[in-house]
Amino acid sequence: MNQVSVELVAPDISRWATGNTGTPFVWRFESGQPGPEVMVQALTHGNEICGAIAMDWLLSRNFRPQKGQLTLAFGNVAAFARWDPNRPAQNRYVDEDFNRIWADQVLFSDKDSVERARGRELLPFVEAADFLLDIHSMHEPCVPMMVCGTGGKGAAKAMAMSEALGIPRYLMFDVGHPAGLRMIERGGFSNPESPKVALLIECGQHWESAAAVIAKEVLLRFLRQTGTLASASVEPYLNPTLSFPERTVIEVTDVVVAKSLDFRFAADYRGLEVIPKKGDPIAFNGDEVVRAPYDQTVLVMPAIAKQWEVGTTMVRLGRFA
Ligand SMILES: [Zn+2]
């Protein structure tokens with residue numbers, strides 16, 4: 001197993017546990033002025049601590065919205081409570097992936113879990129949001145990427161907003177996760193007729209210091225873009241050198257999930273490798289060979305080092321759009 005060093009120090013978020021909404025770890029601020037309902041979530045995955053660092057910083061700075069309402073939520077706090085820097089890959093979730101439960105038939109099914117219960121707590125805030133930013137990071141060292149939802153017009157509005165942020169370089173839209181609905185796909189977020197927009201930022205490797213820099217930068221730019229925070233209050237903390245004038249868009253067409261615990265890649269991929277020829281082998285998934293679906297197939301977020309189970313997303317396949 002690849003060993004990635006843990007550079008980041010997880011913040012003590014216990015001081016935010018009470019929240020001010022009646023829901024633990026959820027804070028909501030009203031400007032008293034008309035404006036959008038904006039929500040940011042950190043810790044969708046319990047070991048993706050860069051978002052918690054950014055949100056802890058934002059809360060401690062007492063930023064307040066100039067218009068509309070701002071909700072700041074620490075998501076899977078039960079998983080985060082199990083964080084152990086000596087075993088940093090072990091607390092992604094407690095019972096199941098918190099970012100696969102956002103369909104009604106899962107949230108309200110007979111089967112319950114720590115994550116579904118937390119999802120039902122956060123649901124009113126998610127449903128109310130006009131703009132949502134969900135802060136993540138990746139297991140493999142990889143450049144930051146903005147996930148702009150699934151394709152079509154639904155992705156177009158997320159892409160437009162990502163373009164306006166100026167960060168990161170890589171924007172991606174995809175086909176969702178076969179294993180379940182993500183928060184950014186729920187309801188109006190994936191409805192092209194709705195003005196609601198959801199973005200998911202992958203800030204870099206989970207525990208590299210750069211991920212926390214990106215998390216904070218994207219968070220502030222997002223809140224400025226929605227008009228929630230005044231430019232003047234945000235700008236002293238921004239780093240314009242992180243902007244990319246040219247963006248690269250990747251259309252993800254395929255999601256490869258593990259069919260077997262025997263899954264292995266054909267080479268030591270890190271992400272964004274280009275497989276030149278259609279039909280070239282990419283991975284061995286049990287007794288099936290995963291092949292490039294077309295020339296110039298781009299590998300997105302290969303899950304090399306992490307432990308997986310049958311159904312885990314192992315890699316996404318796409319092309320430069
Ligand atoms: Zn994540």
Side-chain angles (χ1 to χ4, degrees), residues 4 6 8 10-11 13 25 39-55 72-83 88-102 113-116 118-119 122 126 132-150 158 162 168 170-186 189 198-208 210-212 214-216 218-219 222 252 255 257-258 271 300-309 311-316:
V4 182
V6 178
L8 291 174
I13 61 168
F25 290 100
M39 178 174 180
V40 182
Q41 172 168 265
L43 292 177
T44 304
H45 294 126
N47 62 346
E48 300 181 359
I49 55 180
C50 63
I53 292 170
M55 194 172 286
L72 302 173
F74 295 97
N76 197 342
V77 286
F80 176 68
R82 301 178 175 196
W83 167 254
Q90 303 303 309
N91 68 320
R92 181 172 171 83
Y93 53 78
V94 177
D95 293 327
E96 62 181 322
D97 193 322
F98 189 49
N99 210 23
R100 306 286 183 271
I101 61 155
W102 291 95
S113 70
V114 164
E115 280 75 19
R116 292 178 196 202
R118 182 61 172 162
L122 295 190
V126 178
L132 171 70
L133 175 66
D134 192 13
I135 305 177
H136 290 247
S137 53
M138 297 173 275
H139 190 277
E140 301 305 325
C142 184
V143 294
M145 302 191 126
M146 188 71 86
V147 181
C148 300
T150 48
S162 301
Y170 289 95
L171 313 181
M172 162 189 139
F173 58 95
D174 65 15
V175 289
H177 272 286
L181 201 70
R182 295 173 295 191
M183 185 191 269
I184 61 163
E185 288 155 2
R186 188 176 168 87
F189 296 129
L199 301 178
L200 187 162
I201 180 69
E202 298 279 7
C203 295
Q205 204 284 331
H206 293 327
W207 314 302
E208 66 179 345
I214 297 297
K216 183 174 150 190
V218 171
L219 171 61
F222 175 79
V252 169
V255 176
V257 300
V300 179
M301 289 185 245
I304 302 166
K306 83 177 175 197
Q307 295 176 313
W308 65 87
E309 49 201 62
T312 299
T313 297
M314 301 307 289
V315 65
R316 297 139 176 100

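Both ligands and their constituent atoms are indexed starting at 1 by order of listing.
- Shortest non-hydrogen contact noted between Trp207 and Val6 is CB-CA, 3.7 Å.
- Residue Arg116 holds its CZ atom at 12.0 Å from CZ of Phe98, rounded to the nearest 0.5 Å.
- In this structure, Met146 and Val218 approach most closely via the heavy-atom pair CE-CG1, 4.1 Å.
- Nearest N/O/S atom of His45 relative to the Zn ion (ligand 1): this is ND1.
- Distances from the Zn ion (ligand 1) to each N, O or S atom of His136 single out ND1 as the nearest.
- Note on Glu202: not counted as a metal contact of the Zn ion (ligand 1), no N/O/S atom lying under 2.8 Å.
- There is no side-chain donor-acceptor pair under 3.5 Å between Asn47 and Gln90.
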